[in-house]
Amino acid sequence: LGGRDHVALFVVRDVPAIDPGALIPQATEIAEAGVFPLDGLPQGTTGAVRRRLGEVFAGKPIDETW
């Protein structure tokens, strides 16, 4: 696909507690997986991801441009 990344955001509102140590990526293109609080996202989280999270969790207007 020409080196483009694809981002998917899944919102699951009713889940049991997740043991972050149990998150083991099963696909070779996924380097790591984790669970983070919105106010503690890892360094390097892109602006696009932060904007999507703001749209979903903070009621920010949906931006068609990433």
Side-chain angles (χ1 to χ4, degrees):
L1 294 171
R4 295 178 296 177
D5 287 333
H6 296 278
V7 177
L9 173 65
F10 296 92
V11 177
V12 180
R13 299 197 184 275
D14 186 23
V15 295
I18 297 172
D19 172 11
L23 296 174
I24 301 170
Q26 300 297 310
T28 58
E29 70 271 9
I30 299 172
E32 64 181 296
V35 177
F36 307 94
L38 291 174
D39 61 355
L41 297 174
Q43 185 176 8
T45 301
T46 67
V49 170
R50 292 176 186 277
R51 287 190 296 278
R52 299 300 75 76
L53 293 171
E55 293 167 2
V56 173
F57 296 106
K60 303 280 183 176
I62 295 174
D63 186 348
E64 297 296 325
T65 304
W66 284 41

Starting from the C-alpha separation in whole Å, work towards a yes-or-no answer on side chain to side chain contact (heavy atoms under 4.5 Å, CB included) for R51 and T46.
CA-CA 9 Å; R51 287 190 296 278; T46 67; over 6 Å; no

Determine, step by step, whether L41 and L53 satisfy the side chain to side chain contact (heavy atoms under 4.5 Å, CB included) criterion, reporting the C-alpha distance in whole Å, the side-chain angles of both residues, the deciding distance to 0.1 Å, and the verdict.
CA-CA 11 Å; L41 297 174; L53 293 171; 3.7 Å; yes

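Under the 4.5 Å side-chain heavy-atom criterion for ILVMFWY residues, a single connected hydrophobic cluster contains both F36 and F57.
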